[in-house]
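Following: one structure in structure tokens, then a few remarks.
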Number of protein chains: 2
Amino acid sequence: MATMHDVARLARVSVSTVSYVLTGTRPISQATRDKVLAAMAELDYQPNAMARGLASRRSRILGLLMPMDERGLGATETAFVTGAAAAASAAGYHLVLSPVGGGDLDDLRRLASQRMLDGVVLMEVQLADERVTVLQEAGVPLVLIGRTGDTTALSYVDIDFEQTVREAVAHLVGLGHRSIVYVNHSAATLASGYGPALRTRDAFVSAMAGHGLEPLMIPAEDSAAGGRAALAAAFARAPELTAVLAMNETAIFGILGELTGRGLSVPDDVSVVSMVTSPQVAELATPALTAMTSPGSAMGRIAIEALLRHLDGTGDERHQQLLPCALEIRGSTAVPRRPTTDAPGRPPDDGG
Amino acid sequence: MATMHDVARLARVSVSTVSYVLTGTRPISQATRDKVLAAMAELDYQPNAMARGLASRRSRILGLLMPMDERGLGATETAFVTGAAAAASAAGYHLVLSPVGGGDLDDLRRLASQRMLDGVVLMEVQLADERVTVLQEAGVPLVLIGRTGDTTALSYVDIDFEQTVREAVAHLVGLGHRSIVYVNHSAATLASGYGPALRTRDAFVSAMAGHGLEPLMIPAEDSAAGGRAALAAAFARAPELTAVLAMNETAIFGILGELTGRGLSVPDDVSVVSMVTSPQVAELATPALTAMTSPGSAMGRIAIEALLRHLDGTGDERHQQLLPCALEIRGSTAVPRRPTTDAPGRPPDDGG
DNA sequence: ACGCTTCGTCGAAACGCTTCGACGATCACT
DNA sequence: AGTGATCGTCGAAGCGTTTCGACGAAGCGT
């Protein structure tokens, strides 16, 4: 393995000159540059990443931190990861995948102090997330996917849940639905302060209110069985319901199964919209799901790009961006068979 | 940020002594060790990863190389990744995620020469994979998830497709099915030398032969539409078919939809077995799919552990391991409504 | 022709650790 | 008491870069 010394000797220049050619930190004449480049090519030289990292105090390694609890990642999170990896790679950076749960605060501190990571993207952020504090104290440049409750002085990319819910509800209301249930994540998840669950809940309430409709939200465990149970609960509370809006990607298949089991057809009897869903998953169902398509790999990419901008130091402004999910109409939504409105245009008086 | 010098000064020992305490490379008396440990604690010392890497020529970073082509990872591949990340993390290693396609051979060479990666796990291996050669030439310790055609001198973990197929077929035959179609990946994928597709094809042929049955394989594009088309083709070729075995996780949902569309019930009219599938995905379908459950995160973990054993250098033997998928019976398989056998035990004469 | 910048290059000092050879002290046997 | 081992520690030489200060050579205006 050739070193910079070898290159320098072959090109008959000093080591520092080779370094300047490589980094462009100082002007080098074309003639010298060519000599050096030729020597590098001949020796098949590749700079040693560790040495470079030590000397420059920049590892060119970024971290992607995710709690890797229970069942692996969903399709949406996976897209974040691949998007981030691709973006980092394209920028000449490496991306290390670190499973750091909320409990491993000490691990995290250690990781941050090792000076191996130039910066970090944090996934699956809670509304109150101590990991953010730890990282900030360690002075590690940080971008969130998701966001905490207080985002002052923080950079983040997150889904625009407010708008996503509003659009989904508008789509259903536009079709003529008046009784819409929102199937959220589990009660435990809500209680833990999981941002997406809380934000969509609030957005749903206000979106429904905007149409003069009564909001009904049911939490569901992250499983097919949870979806079934939720649907049963929904029908118990609102027998007239004609539309389901579901945040819970896992539960939604249970919902579909339960619907079929009750002899109800999708979309003729009940319309279903899946929130924050990848197209691949939406296509799995029969009929294919009308869904709010998550920005997927773009989120990961944008987070990395924001992080890199931080590192370049030029702007130390925060990057705060919300990405809406795009409504993609497939086969699971339609005009309800028997509209529940008494008269079109008139606000309904179903306020129990 | 405290350095080793600071620790040494505070503990009134030499720098090398501190290093020995940290690495255990040489014996250190209990008294000295305690002093040093106390000093480290007081200064909140964390060794600098880059410096350590440079001096020891071991970065403690492992690479996970995957082509990140088209549509992100499936649930099975995602499980490999998370399993690998967890195992690396548990062993005190970092895992970098590198998207390196089959075309980026130069990128790969560069990556390998940077001396940043102590070793590498290569995913999505083709039967003839140049990346393996590049890595071997660069002298990077290597473990495959999947395997090439010639595995001499290579370490790998792979799924035992032979046995998985045999078990799946045995399950169906045991239920009384005689006409079974195997829905594989696309013709293009087969032509590209994708190991799993080829190996399951051969295994299917021989498993069916073992039962005296005629094998029928249909390739399918990786999409719901591809699954539908494949099922249509299957019925055209074998109208009497009562069971589908599917390798193609994406196509299988199309198959189910098409079955329902034709007024056929699963499992009463047609049984369906999904190969190399994660439980989460199997649960998504209605009815939940009987499936050969992929070893998931275990594969990633085993690959990393084998790689680490290589690095420890003790045994430079290859690690070659095949993991079978476990048959998990759910709701998509049953005794066929009308068995296609003319007489039990007698080999059928359906060889057209 | 004079000083003054700017350009292009060099040598040497970090960066923070590991590791090697050396060396006194201790210990177990003769 | 003498002789090797073994143990515990130290100092110094790297590891392969980056980066800083210095310095001769040009180029400029006057």
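In what follows, chains carry the letters A, B, and so on, assigned in the order in which the sequence lines appear, proteins first and then strands, with residues in each chain numbered from 1.
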Can you measure from CG (A:L43) to CZ (A:R9) and round to the nearest 0.5 angstrom?
9.0 Å
What's the closest nucleotide to the [X] side chain, out of [options]?
X	options	result
B:P27	C:dT19, D:dC7, C:dC10	D:dC7
A:R57	C:dC10, C:dC15, D:dC10	C:dC15
A:S29	C:dG16, C:dG8, C:dC10	C:dG8
B:S14	D:dC10, C:dG11, D:dT17	D:dC10
B:R26	C:dC17, C:dC10, D:dC10	D:dC10

Using whole Å, what does the distance between atom [atom2] of nucleotide [N] and atom [atom1] of [X] come to?
X	N	atom1	atom2	value
A:R12	C:dC10	CZ	C1'	16 Å
A:R115	C:dC17	CZ	P	12 Å
A:N48	D:dT18	CG	C1'	13 Å

Short question: side chain of B:D104, backbone of B:D107 - any donor-acceptor pair under 3.5 Å?
no
Any donor-acceptor pair under 3.5 Å from A:D118 side chain to A:R60 backbone
yes
Let me know, please, whether B:Y20 or B:L54 comes out on the 5' side of the other along DNA chain D by nearest nucleotide.
B:Y20
Does A:A51 or B:Q30 map to a spot on DNA chain D nearer the 5' end, using the closest nucleotide for each?
B:Q30
In terms of side-chain geometry, is the basic nitrogen of B:R309 or B:D312 positioned less than 4.0 Å from the acidic oxygen of its partner?
no
How would you label the contact of B:V18 with the nucleic acid (heavy atoms, under 4.0 Å): base, sugar-phosphate, or nothing?
nothing
Think [X] has a side-chain N or O under 4.0 angstrom from the OP1 or OP2 of [N]?
X	N	value
B:S16	D:dG11	no
A:T23	D:dT18	no
B:S56	C:dC17	no

Applying a 3.5 Å limit to both distances, which nucleotide forms a Watson-Crick or G-U wobble pair with D:dG4?
C:dC27
Whether over 12 other heavy atoms sit under 6.0 Å from B:R12 CZ
no
For DNA chain C, determine which residues of residues 3-11 of chain B have any heavy atom closer than 4.0 angstrom to one of its atoms, and list them numerically.
B:T3, B:M4
